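As C-alpha cells, the structure follows; a few thoughts come after it.
The structure displayed is predicted, hence computed values, not measured ones. Side-chain atoms are counted along with the backbone in the values below, which use heavy atoms only and exclude waters and symmetry mates.
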Amino acid sequence: MLPFPLKNPDKRFNIGKWLMIIGMSLLSMVIFLRLLMQPSSDISIHTAWAGECTFADLTTFVRHGAHPMWHLLVHLVTLLGAELWLASALVTTLCKAVELWLIHRILTVMLHDKLSRGAITGYTAACAAVSCLCVPFYNPTVYLGAGSPNTWHSCTQLIALCWMLLCVPYVAWCWDSFTHRVLRGGQDTILPWKYPILLGCILFLSLLAKPTFMQAFLPACCLYFLWQWIRHPKNSRYFCQIIVCVLPSVIFMIFQYLYYFGIIVPWQADMVLEVSGGKFWTVLVRVVLIMAFPLYAIFACRKQKADTTYVLTVLFNAVAIVEFLILGENGRRASDGNFGWGMMGASLMLWVVCLGRFLREAKLRKPEKRHIPGWILLGWHLLSGIYYIIYLLYTGAAL
C-alpha cells in the first residue's frame, strides 16, 4: 500500500503551524462574532435555525435544509451550557481550524522537500485568507457580485469545505493505491474492504455537512472512474467494489436534491435550466475573479507531472463551473445560489493544489519571467482577502 493520504512526512513538532492555526482561529472567531451581530448574515440565520433544533423532534435538524451536521454540533455545544451565539461561533471557528490543518497537511505533503516548515505555514495562512480579486468598479465589497474561495459568512459552507479537503485526496489515494497493487498483484486486485468502506463513510458524512461540494465532485469522480474502467476493463472487480461503497452516498444525495427542489417538500423550489449569453459572461467573470491565480498556475506549471489529486481537482472544478453555468433555482431557494456555492467550494481545492504545484517550481527571490504574473496574482488575491476581512470587521456588513 502507498502511504495513507495526508500522512505527515515531517514527524517533528511544528510550533509555528499551531501558532498560525490558533492565531487564524482567533481572528476567525472575531469575524464570526461580528457577523452574528447582523441578522441578515448566513451564520445568523443558521444560528436561529439551530436554536429550533431538539432531540425530542429530529425533524427540526432538517426542517430548513438537508444539511444538519453544523446545526447538530451547535446544539450539542448548547447542551454543555454555552449560549446559542457562543456555540455557533465556537463550532464555526473549529471548522476553520480544521480547514487550516488540512490545507497545511496537503501543502506539507506536496512541499516538504522544497520549502521550509515556516514557509509552508505562511502559505497555508495565505491560502485560507485569499478572496476573489477586488476590482473596485466591479466588486468594491469583494464578495458581492463575484464570490470567494473563502466564504466567511457561511457556516455550512465552511464545514463542507473541511470534508472536501479530506475527501478529494482520499479518493485519489484509493485509485493510486489500487494501481500500485495491480503492478504487484495482477489484474484481479481489489483494495482491502476497510478502505473503500471508509471512502463511502466520509463521502456520506460530507453530504450531511452540505451537498454543494458533492454535487460536483460525485459526477467528476464518475467521469474519472468510468474513463479508467474503459482503459482497464479487466479490473472490473475493483470498480464494482468502489460502486458498492459509494452507492449509498449517491442515493442519499439524490434524496437531498429531491428535498431541495420541490419533490419531497413542494414549497421549496425547482431546479431550472438557465442557459443564456448574459449568464455565460457573468459566470466567466466570476471564474476569472475567483480563480485567476490557480488558472495561471495551471498554465505556468503545465509541464509538471499531473498526479491523481490534481486531475480530479481540475475535473471537479470543470464540472462545478458547467453546473453553475447551466443550472439555477427558482421559488423559495431562488437566491440561495447552491450551484454557485458548489463552484466556490471547488475553487478552494483548486487553490490548494495549484498553489502547491506553483510553489514547487517558482522562486520568490529570483522568479522566472513566466512565474512573475503568478506572484502578482497571488499578491492581489491575498490583498483582496485582507481587505475583505477588514471590510467585514469595520463596516458591520453581512457580505
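- Grouped by direct or indirect side-chain proximity (heavy atoms under 4.5 Å, Ile/Leu/Val/Met/Phe/Trp/Tyr only), V109 sits alone.
- No cation-pi contact links K305 to Y310, judged by a cut-off of 6.0 Å to the six-membered ring centre and 45° from its axis.
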Which is it for T47 and W85 under the side chain to side chain donor-acceptor pair (under 3.5 Å) test, yes or no, and what are the steps along the way?
-> CA-CA 7 Å; T47 298; W85 61 271; over 6 Å; no

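- For S41, the side chain to side chain donor-acceptor pair (under 3.5 Å) test picks out S44, with sequence neighbours left out.
- Of the N and O atoms on the side chains of W70 and T92, at least one donor lies less than 3.5 Å from an acceptor on the other residue.
- With sequence neighbours excluded, the residues forming a side chain to side chain contact (heavy atoms under 4.5 Å, CB included) with D57 are T54, T59, T60, R63, listed by chain and number.
- In the hydrophobic clustering (ILVMFWY side chains linked at under 4.5 Å, chained through shared members), I372 is joined by I376.
- With no hydrogens or angles considered, no side-chain donor-acceptor pair links S28 and T93 at under 3.5 Å.
- When the side chain to side chain donor-acceptor pair (under 3.5 Å) test is applied to S154, the partners found at least two apart in sequence or on another chain are D42.
- Hydrophobic side-chain contacts under 4.5 Å tie L80 to no other Ile, Leu, Val, Met, Phe, Trp or Tyr residue.
- Taking the side chain to side chain contact (heavy atoms under 4.5 Å, CB included) definition, one finds that L72 meets it with F55, F61, L76, sequence neighbours left out.
- In this structure, S249 has no side chain to side chain donor-acceptor pair (under 3.5 Å) partners at least two apart in sequence or on a different chain.
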Side-chain atoms of residues 386-399: list all donor-acceptor pairs with protein atoms under 3.5 Å, sequence neighbours left out, distances to 0.1 Å.
| from | atom 1 | to | atom 2 | distance (Å) |
| --- | --- | --- | --- | --- |
| Y387 | OH | P140 | O | 3.2 |
| Y391 | OH | L399 | O | 3.4 |
| T395 | OG1 | Y391 | O | 2.4 |
| T395 | OG1 | A397 | N | 3.2 |

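- Scanning for side chain to side chain contact (heavy atoms under 4.5 Å, CB included) contacts around P373 gives Y296, with sequence neighbours left out.
- In the hydrophobic clustering, L226 connects to I230, either directly or through intervening members, whenever side-chain heavy atoms lie under 4.5 Å apart.
- Among residues at least two apart or in separate chains, ring-ring contact (aromatic ring centres under 6.0 Å, His included) pairs with a member in residues 107-149 are Y143-H153.
- Side chain to side chain, E361 and H371 meet the donor-acceptor criterion of an N or O pair below 3.5 Å.
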